[in-house]
Amino acid sequence: MPHPHAPDWSDPDTTLPPDGAASAWRQRYAALGDDFVSRLTPSPLPAPYWVGRNGALANQLGLSPEWASTDALLHTFTGNQVPDGAAQTASVYSGHQFGVWAGQLGDGRACTLGELAGQEVQLKGAGPTPFSRRGDGRAVLRSSIREFLCSEAMHALGIPTTRALCVTGSDAPVWREEQETAAVVTRVAPSFVRFGHFEHFSHTQQHAQLRTLADHVIDHFYPECRSAAADHGPYVALLQAVTGRTAEMVAHWQSVGFCHGVMNTDNMSILGLTLDYGPFQFLDGYDPAHICNHSDTQGRYAFYKQPNVAYWNLFCLGQALMPLIGEQEHAIAALETYKTRYPQALAARMAAKLGFAQAHEHQRPLIETVLKLIAHERVDFTIFWRRLSHWAAGMDVANTTVRDLFVDRDAADAWLADFRALHVQDETFDRAMVSARMLGTNPKFVLRNHLGELAIRAAKSKDFSVLHQLQIVLADPFAEHPAFDDWAGFAPDWAAGIEISCSS
């Protein structure tokens, strides 16, 4: 039974304004029809309260300045009620999970309200859907805070990502490994279409719906692919465009030490956005083989494997698009671009981390050597690059801030000498410029696991001050923020005991 305020989906330009918003809700994806989404009715949570709010994003969405003080929007973003013009819908998709075909999945605990200002607004944890697969459809406070903080932290780092508007909480009990309390995170993106959406319609032989989905994505997000008709068609162009965006995203992950943790095809965005923050982690000590997801017993999603997993997932997307592409060699050619696009993107990121304006082949030995060096001694990834950024301002051998990170100081000194020599060879070399470039590339702050844990522990007692402080710092991660220097330090010993799994 549809909610009485659900719009007529045949009209994607529904113009009824939501309470507190200056823009109208639109239902472009839901307008594709019942093969794509299921209508939901609200599953209320009792006595909701605000946990965290993102005023800057609210402003972009056209919400009124008073949005966070209105009970109506508190209940809207908890999933308790649906404003005029919006609707609660869940989409169907399938996918490969840990390399195995899992069949039909779908939004099991997420519902989409529609679009505001060209951005889809989705509630994660708002209750069961037809795709919950015997789950409760809820999210817990712990995981919601992690996603809220990390979405915005990644955005501030310049990494393509879904965004987070707010988190609301409720004292309603939710069982995971233990009893926890419920929460809902409102996340925002131009689209939440995943690789798994295409896999679903391809696997179920619904080729008309597959074409409708591809046309929707092309028309709204990749219009340049329409002009590629003479070059093997728009669907080949779409596959190549998604391949490029995915390569750029993963290269950015690797350059900041970000582990996604569960790169299933249903967690891969068709727009090349970082999607679904579950068992993620930023590396502390640099270990390329690090596995952040305690549910990943085989290490499929170890940090160093992420680039190849992304390619494997793209290959699955290519297979899903074959009914539209037709010629296999065209799909393979589109996918092959990953093998050049990813290394180029990573080389550019690493060159910037080293203070170079452009990537050149002669930088490769310097990059490979330092990565081996910090991996051998498990040097803290973020701290190393930040200290190097400051050291570059003087390139003074007597300045021990970088070499003090290493047991083998001779090896560190040798590498620092090579670093300095390579820069000095540049006729435009300027220490201050190099350091400034590095300080704007190598963040001082990332959302380490223990920082998220501090916010979570306080929030369980309804103290949201740590969360709010982290919001401020992570929104500008390249600034010094001297009052929060401790948050840029080494992870405490107890952080090693934090276990993050797929329930996170």
Side-chain angles (χ1 to χ4, degrees), residues 1-19 21-42 61-62 76-77 79 81-94 104-108 110-124 126 129-131 162-163 165 186-202 204 206-226 234-235 238 242 266 269-271 273 275 320-321 323-324:
M1 179 70 66
H3 188 271
H5 287 154
D8 178 1
W9 291 352
S10 64
D11 177 13
D13 294 314
T14 300
T15 56
L16 293 176
D19 185 7
S23 302
W25 290 100
R26 303 180 72 193
Q27 302 293 340
R28 291 191 298 180
Y29 190 79
L32 298 181
D34 292 342
D35 289 332
F36 297 84
V37 299
S38 292
R39 308 179 186 213
L40 308 176
T41 54
L61 295 175
T76 292
F77 295 134
Q81 66 184 36
V82 184
D84 288 342
Q88 287 190 356
T89 65
S91 71
V92 62
Y93 50 82
S94 298
Q104 180 177 300
L105 301 168
D107 290 328
C111 70
T112 299
L113 297 177
E115 293 180 31
L116 284 178
Q119 301 287 310
E120 287 190 4
V121 179
Q122 188 175 86
L123 310 181
K124 184 176 179 179
T129 78
F131 314 113
T162 59
R163 303 287 304 279
L165 175 64
T186 298
R187 55 189 187 179
V188 175
S191 174
F192 287 95
V193 172
R194 306 149 184 264
F195 291 11
H197 283 89
F198 291 86
E199 288 185 286
H200 174 76
F201 293 114
S202 184
T204 57
Q206 298 181 77
H207 294 167
Q209 290 87 338
L210 178 66
R211 186 180 299 274
T212 295
L213 176 64
D215 288 342
H216 170 84
V217 170
I218 290 172
D219 291 343
H220 294 301
F221 308 109
Y222 292 96
E224 68 279 6
C225 292
R226 283 289 175 216
Y235 306 116
L238 173 63
V242 176
D266 58 294
S269 162
I270 202 67
L271 301 186
L273 307 175
L275 175 67
L321 287 169
L324 306 182

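All residue numbers refer to positions in the sequence shown, counting from 1.
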Between Leu123 and Ala126, what is the shortest heavy-atom contact and its length?
-> CB-CB, 3.9 Å

Closest non-hydrogen contact found for Thr162 with Ala189 is CG2-CB, 3.9 Å

Are Leu40 and Pro130 side-chain neighbours, meaning at least one heavy-atom pair lies under 4.5 Å?
-> yes

Which atom names give the shortest non-hydrogen contact between Leu273 and Pro190, and what distance separates them?
-> CD1-CD, 4.1 Å

Do Pro42 and Val82 have side-chain heavy atoms sitting under 4.5 Å apart?
-> yes

How far does OG1 of Thr129 sit from CZ of Arg39, to the nearest 0.5 angstrom?
-> 15.5 Å

Sort out for me which residue in Val217, Leu213, Asp219 forms a side chain to side chain contact (heavy atoms under 4.5 Å, CB included) with Asp215.
-> Asp219

Ile270 vs Phe198 side-chain heavy atoms within contact, under 4.5 Å = yes

Val121 vs Thr186 side-chain heavy atoms within contact, under 4.5 Å = yes

Report yes if the side chains of Leu105 and Phe131 come closer than 4.5 Å at any heavy-atom pair, otherwise no.
-> no

Mark yes or no for whether Gln209, through its side chain, and Ser202, through its backbone, hold a donor-acceptor pair below 3.5 Å.
-> no

CA sep, side-chain torsions, deciding dist, call: Tyr93, Val193, side-chain contact (heavy atoms from CB on, under 4.5 Å) | CA-CA 9 Å; Tyr93 50 82; Val193 172; over 6 Å; no

Sub-4.5 Å side-chain heavy-atom contact between Phe195 and Asp266 = no

In terms of heavy-atom contacts, Cys225 and Ile218 come closest through CB-CG2, 4.1 Å

How many angstroms lie between atom OH of Tyr29 and atom OG1 of Thr112, to the nearest 0.5 angstrom?
-> 9.0 Å

Taking every heavy atom of Leu324 against every heavy atom of Ala214, the minimum-distance pair comes out as CD1-CB, 3.7 Å

Given the side-chain rings of Phe201 and Phe36, with only the six-membered ring counted for Trp, is the space between their centroids under 6.0 Å?
-> yes

Close side-chain approach of Gln88 and Leu113, heavy atoms under 4.5 Å = yes

Could you pull out the closest heavy-atom pair between Gly85 and Gln27, with the gap in Å?
-> O-NE2, 3.3 Å

Residue set satisfying ring pair (Phe, Tyr, Trp, His ring centres under 6.0 Å) with His207, at least two apart, ordered chain then number -> none

Derivation and outcome, side-chain contact (heavy atoms from CB on, under 4.5 Å), residues Tyr235 and Arg211 | CA-CA 9 Å; Tyr235 306 116; Arg211 186 180 299 274; 3.4 Å; yes

Polar side-chain atom of Thr204 near backbone of His200 as donor-acceptor pair, under 3.5 Å = yes

To the nearest 0.5 Å, tell me how far Glu120 CD sits from Phe192 CZ.
-> 6.5 Å

Heavy-atom side-chain proximity of His197 to Ser91 below 4.5 angstrom = yes

How far apart are the C-alpha atoms of Asp107 and Arg194, what are their side-chain angles, what is the distance that settles it, and do they pass the side-chain contact (heavy atoms from CB on, under 4.5 Å) test?
-> CA-CA 11 Å; Asp107 290 328; Arg194 306 149 184 264; 4.3 Å; yes

